[in-house]
2 protein chains.
Amino acid sequence: MSESISMASEAPSPSLLEVLESGGHRSTAPRRAIASLLEKKQEGFSADALSDELPSVGRATVYRTINLFLEAGAICKLATMNGSHIYSICGVGHHHHHTVCVECGAVDEFRADAVERLISELSAEIPGEIVSHRLELFVNCHSCPEIAGG
Amino acid sequence: MSESISMASEAPSPSLLEVLESGGHRSTAPRRAIASLLEKKQEGFSADALSDELPSVGRATVYRTINLFLEAGAICKLATMNGSHIYSICGVGHHHHHTVCVECGAVDEFRADAVERLISELSAEIPGEIVSHRLELFVNCHSCPEIAGG
DNA sequence: ACAAGCAATGATAGGTCATCTCATTATGGG
DNA sequence: CCCATAATGAGATGACCTATCATTGCTTGT
């Protein structure tokens, strides 16, 4: 391996419920339902689709809970090419980037030192101070036949 | 300069009106008004704000015209950290990336071979085929006092 | 210049995604 | 158990964008 790159396909997510506890939030039935569903969906998911799958939970609560996990860093929000947002469980606790399959929407994480090195290089060339960055790779994972088949 | 990087701060934009002509679109008063305003706003701008500044032009027309320029590649659409979209004149005709000032919203373009090299490297390590990518740098340009002063 | 054909326009309705409001409900400590 | 308060949810509201469709106004042929 010439580069330090790490995929996160099978990284176990820390229990979302623990995130609630440690954040001083109550463990309620709606939140447990959302957390449970989220942990099944390592794939990228939209807030609205999630809400549809949980008819017993109010839309507002779904959004609130997602933002709660987002602020805790337990999930990531990323922008797709068409401007909508998808969320994804964050296995890696620190800075990383995402790949999104343009066919099936599967999201994966990767961390590559080369990316961070590049940003450092660019910071010397670019006027101003780089505060943060976003890198998203849109891929075709070539392993999504049945999903695309719908 | 050790790397091949080019900023586009003062690149003159090809006349947006020419884009219309070459695309077989009519040059109408509303479109001219929009094009004219766009060329003044090298800064990032939102479609809605643009519409507000052109009360004489219908919102639908503003959006339609923006999409027209977008499809022609004359302007770029980019996602901010908060999920909204801003547009920016594209001086560079080919693939490039953007810096967005988190203070004043100024958008600049840059093209760096190092970025493309990085993507090539990553493609060897990442499962699937990289279809496209998005890299945005959020910067503090440190030259936006009066704008921030409001 | 005039008419005709059709692209373009704009007022407004509608759609999507997300947040806000606030009366009601559930949680968890004492 | 009781209470203070966090959390919920139905619906309103809002931001942002697209669809509809009757009207307007370019552009070309004559």
Side-chain angles (χ1 to χ4, degrees), chain A residues 16-38 41 44-72 74-88 100 105, chain B residues 16-38 41 44-72 74-88 100 105:
Chain A
L16 291 176
L17 292 178
E18 287 173 22
V19 172
L20 286 181
E21 308 274 315
S22 60
H25 304 287
R26 290 182 182 173
S27 167
T28 66
R31 285 177 177 167
R32 283 191 294 270
I34 294 167
S36 166
L37 187 52
L38 250 56
K41 289 185 173 286
F45 50 88
S46 75
D48 219 54
L50 206 64
S51 185
D52 287 348
E53 293 188 53
L54 289 167
S56 65
V57 177
R59 209 193 329 281
T61 299
V62 172
Y63 278 94
R64 274 189 294 240
T65 305
I66 286 180
N67 283 333
L68 206 155
F69 288 139
L70 200 57
E71 280 163 27
I75 62 179
C76 292
K77 179 183 193 172
L78 43 152
T80 62
M81 286 303 261
N82 66 56
S84 64
H85 290 136
I86 57 180
Y87 298 87
S88 165
V100 184
Chain B
L16 290 176
L17 293 178
E18 288 172 22
V19 171
L20 286 180
E21 307 275 315
S22 60
H25 304 287
R26 291 182 181 171
S27 167
T28 66
R31 284 178 178 166
R32 282 192 295 271
I34 294 167
S36 166
L37 187 52
L38 250 55
K41 290 184 172 288
F45 50 88
S46 76
D48 221 54
L50 207 63
S51 185
D52 287 348
E53 292 188 54
L54 290 167
S56 65
V57 177
R59 208 190 313 285
T61 299
V62 172
Y63 278 94
R64 273 189 293 241
T65 305
I66 287 180
N67 283 332
L68 208 155
F69 289 138
L70 199 57
E71 280 163 28
I75 62 178
C76 292
K77 179 183 192 173
L78 42 153
T80 62
M81 287 303 261
N82 66 56
S84 63
H85 291 135
I86 57 180
Y87 298 88
S88 165
V100 185

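Here is the naming used below: chain letters follow the sequence lines, and residue numbers restart at 1 for every chain. The structure displayed is predicted, hence computed values, not measured ones. Only this structure's heavy atoms are used, side chains among them; waters, hydrogens and symmetry mates stay out.
In the helix from C/dA1-D/dT30 to C/dG30-D/dC1, the terminal helix axes, each the rotation mapping four pairs' C1' atoms onto the next four within five end pairs, subtend 30°, rounded to 10°.
Each of B/Glu21 and B/Asn67 was assigned the nucleotide of DNA chain D with the nearest heavy atom; the assignment lying further toward the 5' end belongs to B/Asn67. Each of B/Arg26 and B/Lys77 was assigned the nucleotide of DNA chain D with the nearest heavy atom; the assignment lying further toward the 5' end belongs to B/Lys77.
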Taking distance alone, no hydrogens or angles, what donor-acceptor pairs closer than 3.5 Å link side-chain atoms of residues 24-36 of chain A to residues at least two apart or in another chain?
from, atom 1, to, atom 2, distance (Å)
A/His25, NE2, A/Gly23, O, 3.4
A/Ser27, OG, A/Arg32, NH1, 2.9
A/Thr28, OG1, A/Arg31, N, 3.4
A/Arg31, NH1, A/Arg26, O, 2.9
A/Arg32, NH1, A/Ser27, O, 2.8

Can I get a per-line list of side-chain donor-acceptor pairs under 3.5 Å for residues 44-58 of chain A, giving both atom names and the distance, sequence neighbours left out?
from, atom 1, to, atom 2, distance (Å)
A/Ser46, OG, A/Ala49, N, 3.1
A/Asp48, OD1, A/Tyr63, OH, 3.3
A/Glu53, OE2, A/Lys41, NZ, 2.8

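DNA chain D is contacted by A/Thr28, A/Pro30, A/Arg31 of residues 27-38 of chain A, taking any non-hydrogen atom closer than 4.0 Å. Proximity of residues 46-56 of chain A to DNA chain D (heavy atom under 4.0 angstrom from any strand atom) is restricted to A/Ser56.
Residues A/Val100 and A/Gly105 approach most closely at CG1-O, 4.3 Å, considering heavy atoms. Listed here is the closest heavy atom pair of B/Ala72 and B/Val19: CB-CG1, 3.2 Å.
Distance check: A/Leu16 CG to A/Phe69 CZ gives 4.5 Å after rounding to the nearest 0.5 Å. Going from atom NE2 of A/His85 over to atom OG1 of A/Thr80 covers 7.5 Å, rounded to the nearest 0.5 Å. The line from CD1 of B/Ile75 to CG of B/Leu70 is 5.0 Å long, rounded to the nearest 0.5 Å.
Interface limits on DNA chain D: the 5'-most and 3'-most nucleotides within less than 4.0 Å of chain A heavy atoms are D/dT5 to D/dA10. Nucleotides of DNA chain C lying under 4.0 Å from heavy atoms of chain B occupy a range whose first and last members, 5' to 3', are C/dG5 to C/dA11.
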